[in-house]
There are 2 protein chains.
Amino acid sequence: MDRTKLPKIEKMPADVRALGVLRARIIEGAIPAGARLTEVQISDEMGLSRATVRTALHQLAQEGLVSLVPYTGWTVVKLSQQDIWELYTLRAAVERLAAGLAATNGAADRIADIRKAFHALEVACERKGANEIAEADFGFHKSIVDASGHSRLCAQYGLIEHQIRVYIRSSDALIADPSEILDQHRPILDAILAKDSALAAELSEEHNLREGQKLTASVSGL
Amino acid sequence: MDRTKLPKIEKMPADVRALGVLRARIIEGAIPAGARLTEVQISDEMGLSRATVRTALHQLAQEGLVSLVPYTGWTVVKLSQQDIWELYTLRAAVERLAAGLAATNGAADRIADIRKAFHALEVACERKGANEIAEADFGFHKSIVDASGHSRLCAQYGLIEHQIRVYIRSSDALIADPSEILDQHRPILDAILAKDSALAAELSEEHNLREGQKLTASVSGL
DNA sequence: CGAACGGCTATTGTCGACAATAGCCCATTT
DNA sequence: AAATGGGCTATTGTCGACAATAGCCGTTCG
C-alpha cells in the first residue's frame with residue numbers, strides 16, 4: 001500500500017450530488033434567475049428518482065436559491081435590490097461577530113489560514129482576473145468565519161454566501177480597483193492579528209456595509 | 001353570509017402539521033434531548049407516510065432540533081455549553097442588527113407592536129408565572145426582529161429561537177427577578193422609540209450577551 | 001485468549017406509482 | 001360581451017415497497 005495516492009472514491013449520497021450540481025448551475029448562471037424547475041425533468045436528466053431530486057431542491061430552498069409554490073412549481077429566485085440590502089446587512093452583522101471572535105479566540109492555525117487567504121487575495125489582485133479576485137475575496141472572508149470556532153455561524157454564513165455568489169455572477173461583478181480591495185481588507189487582517197476584537201468587528205462590519213451600498217447603488221440605475 | 005365568524009378551516013399540508021407536532025413535543029420536553037426517533041414509528045403513530053415524516057424531520061434538522069446520522073437514525077439534539085454560547089452570541093449579533101433597524105426603519109405599527117409586547121412583559125412579570133414571563137420575554141425580542149423589515153433576519157431568528165426554547169425548557173428556566181427583567185428590557189425599548197439606532201443596537205447586544213453568560217454560568221456547575 | 005471475519009437486523013436511502021391541487025382554456029349562460 | 005362554471009393538464013404532495021448501509025453479535029481462525 002505504498003502507492004503514493006490512490007484515486008479518491010467519489011461516493012456521496014445521490015441527493016448531495018444533485019444538490020451540488022444544481023447549486024453550481026444556478027451560481028454559474030447556467031440556470032438563470034426566474035427559471036422554472038420541474039422535479040420530473042431534473043430527475044429524468046440526472047437519472048435519479050423524484051424523491052432524491054426533491055430532497056436536493058428543498059435543500060436549495062433552505063439556502064435561498066430556489067423557491068417552491070405549492071402544487072405549482074419551483075423557480076430560481078430572482079434577487080431584488082431589497083434582497084441585496086438584506087444579504088449585505090446580514091452578512092455585516094454575521095461577519096462582525098466572526099471577526100471579533102477570530103481576533104479573540106482564533107486558533108493559531110486558523111489565524112495562519114487567514115494570512116494565507118489574504119496572500120491569495122494579493123496574488124489574485126496582481127493578476128487582475130475578475131473572477132479570481134472575487135473568489136479570493138470570498139475566501140478571505142470565509143477564512144475569518146472559519147476561525148471564529150462557531151459552528152452555527154459557519155453554517156449561517158454558508159447560506160448567505162451562496163446567495164451573494166448568485167447575485168455577483170448575475171450582475172456580472174463590479175470589480176473595484178485591485179489596490180483598493182487590498183486597502184479595504186488589510187486593516188481587518190491587522191486588527192485580527194493584533195487580537196483587537198472590537199476593532200476587527202467594527203472594521204469588518206463597515207467593510208461589508210460599504211460593499212453592500214456600492215452594490216445596490218451600482219444597480220439602482222437599472 | 002352574515003354569521004359573525006365561520007370556524008377557521010384547518011387545512012395544512014400534512015408535513016407542516018407533523019413538523020408542528022414534533023417541534024412542540026421536543027420543545028415542551030415530551031421528547032427528551034438525546035432521544036432516538038425512527039421514521040417508521042412516527043409515521044405509524046401519526047398515520048402518515050414515511051416520506052411526509054421524513055420531510056418534517058429534515059425541516060427540524062434545519063432548525064437545529066434534531067440531527068441525522070446516515071443510515072443510522074435521527075436523534076433529538078442535546079445542547080452543550082458550547083452550543084448555548086453559540087446560540088447567545090449569534091442571537092446577540094442578529095438582534096443587534098434587528099434593534100438598530102427597528103429604531104431607524106421600523107414602521108409605525110410595528111413599533112406599536114413592540115410597545116404592546118413590552119406591556120405584555122410587564123403584565124407577565126407582575127403575575128410572576130415563570131412560563132408566562134419566559135414567553136413574554138421571547139415575544140418582546142421577536143417583536144423587535146419583526147419590526148426590522150428584514151425577512152432573512154426574521155427567518156434566521158426563528159431557527160435560533162427554537163433552539164433556545166428547547167434549552168430554556170430543558171434546563172428549567174432560571175428566571176431572574178421580574179423587576180430586573182423589566183429594567184433590562186426597558187432601555188432597549190426607549191432607544192428604539194427614540195429612534196437611536198446605535199444605542200438600541202448596543203443595548204440589545206449587551207443584553208443578550210449578559211443573558212447568555214448567566215445561562216452558561218448557571219449550568220457550568222453541572 | 002484475542003482478533004478478524006461474516007451474517008443479521010434495524011434504519012435510512014431510493015424508487016416508481018397514485019392522489020390532490022392550481023392554473024388555464026373553453027363552453028355556456030345572462 | 002362579460003361572468004361563471006366545468007373539465008383538462010401540468011406539477012407537486014403522498015404513499016408503500018425495495019435497496020443500501022451501519023452497527024452488533026456470534027463464529028472462527030491464529
Side-chain angles (χ1 to χ4, degrees), chain A residues 1 6 8-26 31-78 155, chain B residues 1 6-23 25-26 31-78 155:
Chain A
M1 272 304 190
L6 48 170
K8 64 177 177 183
I9 303 288
E10 285 262 8
K11 199 173 185 186
M12 307 252 285
D15 57 350
V16 314
R17 265 178 300 159
L19 172 62
V21 168
L22 287 173
R23 182 165 48 211
R25 288 298 185 89
I26 292 175
I31 307 177
R36 200 136 175 293
L37 299 176
T38 69
E39 298 173 359
V40 291
Q41 179 180 347
I42 295 173
S43 56
D44 247 29
E45 293 181 12
M46 290 192 179
L48 296 172
S49 95
R50 255 192 68 212
T52 305
V53 170
R54 193 175 170 76
T55 302
L57 284 171
H58 269 114
Q59 184 71 23
L60 273 181
Q62 177 200 20
E63 296 183 2
L65 300 190
V66 303
S67 130
L68 167 65
V69 332
Y71 290 103
T72 302
W74 300 85
T75 55
V76 179
V77 296
K78 207 169 175 178
Chain B
M1 272 303 189
L6 47 170
K8 63 177 178 184
I9 304 289
E10 285 261 9
K11 200 172 185 187
M12 308 252 282
D15 56 350
V16 314
R17 266 178 299 158
L19 172 62
V21 169
L22 288 173
R23 181 166 49 211
R25 289 298 186 90
I26 293 175
I31 307 177
R36 203 137 174 292
L37 300 176
T38 68
E39 298 174 0
V40 290
Q41 180 181 346
I42 296 173
S43 55
D44 239 37
E45 293 180 11
M46 290 194 178
L48 297 172
S49 95
R50 256 192 67 212
T52 305
V53 170
R54 194 177 169 76
T55 303
L57 284 171
H58 269 113
Q59 183 72 22
L60 273 181
Q62 174 200 27
E63 296 183 1
L65 299 191
V66 305
S67 130
L68 167 65
V69 332
Y71 289 103
T72 301
W74 300 85
T75 55
V76 179
V77 295
K78 206 169 176 178

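In the text below, chain A, chain B and the rest are named by the order of the sequence lines, each starting its count at 1. Treat the numbers as computed from the prediction; the structure is a model and nothing was measured.
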Asks: Determine the minimum heavy-atom distance between A56(B) and A18(B), stating which atoms define it.
Replies: CB-CB, 4.0 Å
Asks: Would you mind telling me which residue lines up with the more 5' stretch of DNA chain C, D15(A) or T72(A), judged by nearest nucleotide?
Replies: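 Of the two residues, D15(A) wins.
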Asks: What's the shortest heavy-atom distance between E39(B) and R54(B), and which atoms?
Replies: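 Nearest pair, atom of E39(B) first, then R54(B): OE2-NH1, 2.6 Å.
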Asks: How close do P32(A) and V76(A) get, counting heavy atoms only, and between which atoms?
Replies: O-CB, 3.6 Å
Asks: For G73(A) versus R36(A), what's the shortest heavy-atom pair and its separation?
Replies: CA-NH2, 4.4 Å
Asks: Heavy atoms of chain B, cut-off under 4.0 Å: which first and last nucleotide of DNA chain D, 5' to 3', fall inside that, if you could look?
Replies: dT14(D) to dA22(D)
Asks: Say whether, by atom type as modelled, one donor and one acceptor occur between the side chain of T55(A) and the main chain of V53(A) under 3.5 angstrom.
Replies: no
Asks: Evaluate E63(A) against Q59(A) for side-chain contact (heavy atoms from CB on, under 4.5 Å), listing each step before the verdict.
Replies: CA-CA 6 Å; E63(A) 296 183 2; Q59(A) 184 71 23; 4.0 Å; yes
Asks: Among L60(B), T52(B), L57(B), which residue meets the side chain to side chain contact (heavy atoms under 4.5 Å, CB included) test with L19(B)?
Replies: L60(B)
Asks: Might you work through the side-chain contact (heavy atoms from CB on, under 4.5 Å) test for L22(B) and M46(B), ending with a clear yes or no?
Replies: CA-CA 10 Å; L22(B) 288 173; M46(B) 290 194 178; 3.9 Å; yes
Asks: Using a heavy-atom distance cut-off of less than 4.0 Å, which residues of residues 40-66 of chain A contact DNA chain C?
Replies: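 Under 4.0 Å from DNA chain C: L48(A), S49(A), R50(A), A51(A), T52(A).
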